[in-house]
Amino acid sequence: MTNEKPRVRFAPSPTGYLHVGGARTALFNLLFARNTGGTFLLRIEDTDVERNRPELVQGILDDLKWLGIHWDEGPYFQSERLDLYREAAQRLLVAGSAYPCFCAPSQYAGPEAREESEETEEEAAPMARQSCPCRHLSMADRESKIREGLPYAIRFHVPEEGSTSFQDEVFGQREVANSEIEDFVLLRSTGLPTYQLSVVVDDIAMGITHVVRGADHLSNTPKQVLLYRALGAKPPIFGHVPLILGPDRTRLSKRHGATSVGAYAEEGFLPEAFRNFLVLLGWSPGDDTELLDSDEMVRRFSLPSVSRTNAVFDRAKLEWFNVQYLQKLPIERLLPYVEKALRDAGIWREEWNGSERAWLARTVDLLRPRTRLLGDFATWARAFFTDDFDYDEAARAKFWKDERLPGMLEKLVTALEAAPEWDHDNCEKALRDLAAAEGVKAGLLINATRVAIVGRAVAPPLFETMVVLGRERVLRRIRQALPAIATQ
RNA sequence: GGCGCCAUAGUGCAACGGUUAGCACGGCAGGCUUUCAAUCUGCAGAUCCGGGUUCGAUUCCCGGUGGCGCUACCA
């Protein structure tokens, strides 16, 4: 091994949004690069014209940036490097490491179709495997078929003897018998490369020293190692990271609900919380530390400490992380997120960026111990920002029951109007004095008032809430609630 | 089917071959208070099974089982 600085890459294919598994792979790549002083590049693997959705590329880049995953080079697009792959395939053909295959492509295209047609597949399997008949075609036959204009793919000629081994920093030294590896296609009959070819050609061209990717690629790695050698290049070191599974222990997919990181961003998760959650899926710093900031992750990350066991995505724990970060985030950094949430809900007011900035900060701070997602500011805390809110059914039923309430609340309004100063202590005094005079527990009035002014049973302590809402709004809301309370 | 990988509470992670197997999330039960989705306290909960190796296996080896992956002219 030379002393060159590591070069790693994340290579998503734009067939969908950035999903959590890919995001974590990208994160591990980034951490490894930063930890070793290496370079992290981004490459878009868009060689499958059928499934490719170019318009998704930007979203993937945005999601990576959202997560704080910034690349040093790229993005490179494989679709712009097709000549390279064709050249490589030609070279292998000439060198005898590959041969033209004139067989018709398998008809069982999609994974679904493959599953459905089990029997057919089994019958088809023996033929497709080990020896494609074209492997044994004579030179003359090959040339005449090509001259006839028959379409052909280029297959790699896997040696029948020996074995192929490679170093994996996570799974250890691997070795597989070449007899287990089938002659795989390098170049489709369309002239487009398959993944196996393009990934190796590019990793060589880009000087990739460490390939960190999902463990689903583990079984195919020997093929690629063979390719490296055939192309006269030294294989990199690999690091396969375990997969992330859904709660049912199958691979994470759309039917598990949100699987794209963009969806979590929209849902109101903080990027640093999401990243912290992600990094602990398949890795741990070795002790019981759970809350790690970016620097600490970089400092403590290493490939050998990555687990070999698949991990199940646990949304509850993700939310817990979000709560942790939500509580700690400096208010000035939190406010922009809140602004977005309120804007999305259509209840943002411009003065909160101006004269009422302090009020906003104070209110958000009051609210935040009870929030789990950024969206909570616009949902359960809605009444703090707009008069347009509803009374929660369960809250009404629980706290508006007492038929003495309407009368007492009218008196409360009067008392509050008379408060010398609109602050916590005066509000509290007005209410408690009234409760005492009426011979009821203060809680009765407190809870009923809370529901009246914020519509919910869950909210910050009442008197602080009252201060933040202001006298005028509090009195108005209590009055407005009176009829509903009377009929409860 | 073939090949491979993996296996500690429900979940995520710890435990030089020697610990009462630890932490966190979640769950449950209480406390507090003015509500709880806030907060405090407590409780339950795991080494997949069977063989070895060893004075001693969660840990090493073999077998089984299970899960997952690959087995495409997808990546």
Side-chain angles (χ1 to χ4, degrees), chain A residues 11-15 45-48 50-52 101 103-111 113-114 118 121-122 125-126 128-129 151-155 171 174 176-177 179-182 184-196 198-199 213-223 240 242-243 245 247 249-251 277 280-291 307-321 323 327 368-372 376 380 395 398-399 428 431-432 441-447 449-451 454 456-463:
Chain A
S13 72
T15 54
E45 310 222 315
D46 52 355
T47 56
D48 182 356
E50 303 285 299
R51 308 191 315 150
N52 221 21
C101 168
C103 300
S106 164
Q107 307 151 33
Y108 319 110
R114 288 162 58 78
E118 270 176 41
E121 191 192 358
E122 270 176 46
R129 296 300 169 267
Y152 64 95
I154 296 178
R155 275 184 195 276
F171 286 87
R174 302 279 112 193
V176 328
S179 59
E180 296 297 337
I181 307 171
E182 60 275 14
F184 52 98
V185 170
L186 299 172
L187 203 68
R188 302 159 158 112
S189 49
T190 57
L192 290 171
T194 62
Y195 167 73
Q196 310 289 166
S198 60
V199 76
R213 61 184 5 168
D216 48 342
H217 291 291
L218 195 53
S219 299
N220 279 326
T221 303
K223 293 177 186 170
H240 287 94
L243 268 23
L245 311 177
R249 293 206 159 269
T250 65
R251 209 178 187 171
F277 167 72
L280 258 19
L281 248 31
W283 176 77
S284 97
D287 56 24
D288 291 331
T289 309
E290 298 230 77
L291 267 7
S307 159
R308 289 172 298 280
T309 314
N310 291 167
V312 172
F313 187 91
D314 180 7
R315 186 194 163 95
K317 185 132 188 185
L318 168 60
E319 282 192 20
W320 178 81
F321 274 108
V323 170
Q327 304 319 316
R368 86 158 125 177
R370 260 153 275 253
T371 65
R372 301 179 69 75
D376 290 347
W380 80 262
K398 187 173 178 190
F399 294 121
E428 176 159 25
L431 186 142
R432 287 193 190 279
K441 288 174 66 176
L444 176 68
L445 292 178
I446 289 171
N447 291 324
T449 304
R450 178 183 297 109
V451 178
V454 301
R456 319 225 135 211
V458 180
L462 181 68
F463 305 116

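Chain A is the first sequence line, chain B the second, and so forth, proteins listed ahead of strands; every chain is numbered from 1.
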Could you tell me the Watson-Crick or G-U partner of B:rC5, where both distances fall under 3.5 Å? Say none if there is no partner. B:rG67
Across all strands, who's sitting opposite B:rG22 as a Watson-Crick or G-U wobble pair, both distances under 3.5 Å? B:rC13
B:rG67 and B:rC73: how far apart are their C1' atoms, nearest whole angstrom? 31 Å
Just call it for A:F171: base, sugar-phosphate, or nothing, with non-hydrogen atoms closer than 4.0 Å on any strand. sugar-phosphate
So what does A:R432 touch, heavy atoms closer than 4.0 Å: a base, only the sugar-phosphate, or nothing? base
Select base, sugar-phosphate, or nothing to describe what A:G286 touches, counting heavy atoms under 4.0 Å on all strands. sugar-phosphate
Given that both distances must come in under 3.5 Å, which nucleotide forms a Watson-Crick or G-U wobble pair with B:rU58? none
Using Watson-Crick geometry (N1-N3 plus N6-O4 or O6-N4) or G-U wobble (N1-O2, O6-N3), each under 3.5 Å, B:rC32 is paired with none
Please work out if A:H217 contacts a base, only the sugar-phosphate, or nothing of the nucleic acid, heavy-atom cut-off 4.0 Å. base
Using Watson-Crick or G-U wobble geometry with both distances under 3.5 Å, which nucleotide pairs with B:rA44? none
Please name all residues satisfying side chain to side chain contact (heavy atoms under 4.5 Å, CB included) with A:P461, sequence neighbours left out, ordered by chain then number. A:R370, A:E464
Quick one: label A:T194 by what it contacts on the DNA or RNA (base, sugar-phosphate, nothing), any heavy atom closer than 4.0 Å. sugar-phosphate
With a non-hydrogen cut-off below 4.0 angstrom, is A:A442 in contact with a base, only sugar-phosphate, or nothing? nothing
Gap in Å between the two C1' atoms, one belonging to B:rA9 and one to B:rC25, rounded: 12 Å
Is A:N220 touching bases, backbone alone, or none of the nucleic acid, heavy atoms closer than 4.0 Å? base
Apply the ring-ring contact (aromatic ring centres under 6.0 Å, His included) test between A:F277 and each candidate in A:F313, A:W320, A:W283; give the one that qualifies. A:F313
B:rG52 and B:rC43: how far apart are their P atoms, nearest whole angstrom? 39 Å
Mind checking if A:Q196 touches a base, just sugar-phosphate, or nothing, with heavy atoms under 4.0 Å? base
Would you classify A:R456 as touching base, sugar-phosphate or nothing, given that sugar-phosphate means primed atoms plus P, OP1 and OP2, and contacts are heavy atoms under 4.0 Å? base
Would you check if the side chain of A:T15 reaches a backbone N or O of A:R51 as a donor-acceptor pair within less than 3.5 Å? no
Take atom C1' in B:rG69 and the same atom in B:rG26, then report the distance between them in whole Å. 29 Å
Just checking A:T250: base, sugar-phosphate only, or nothing, at a heavy-atom cut-off of under 4.0 Å? sugar-phosphate
What is the nucleic acid contact for A:L243, judged by heavy atoms within less than 4.0 Å: base, sugar-phosphate only, or nothing? sugar-phosphate
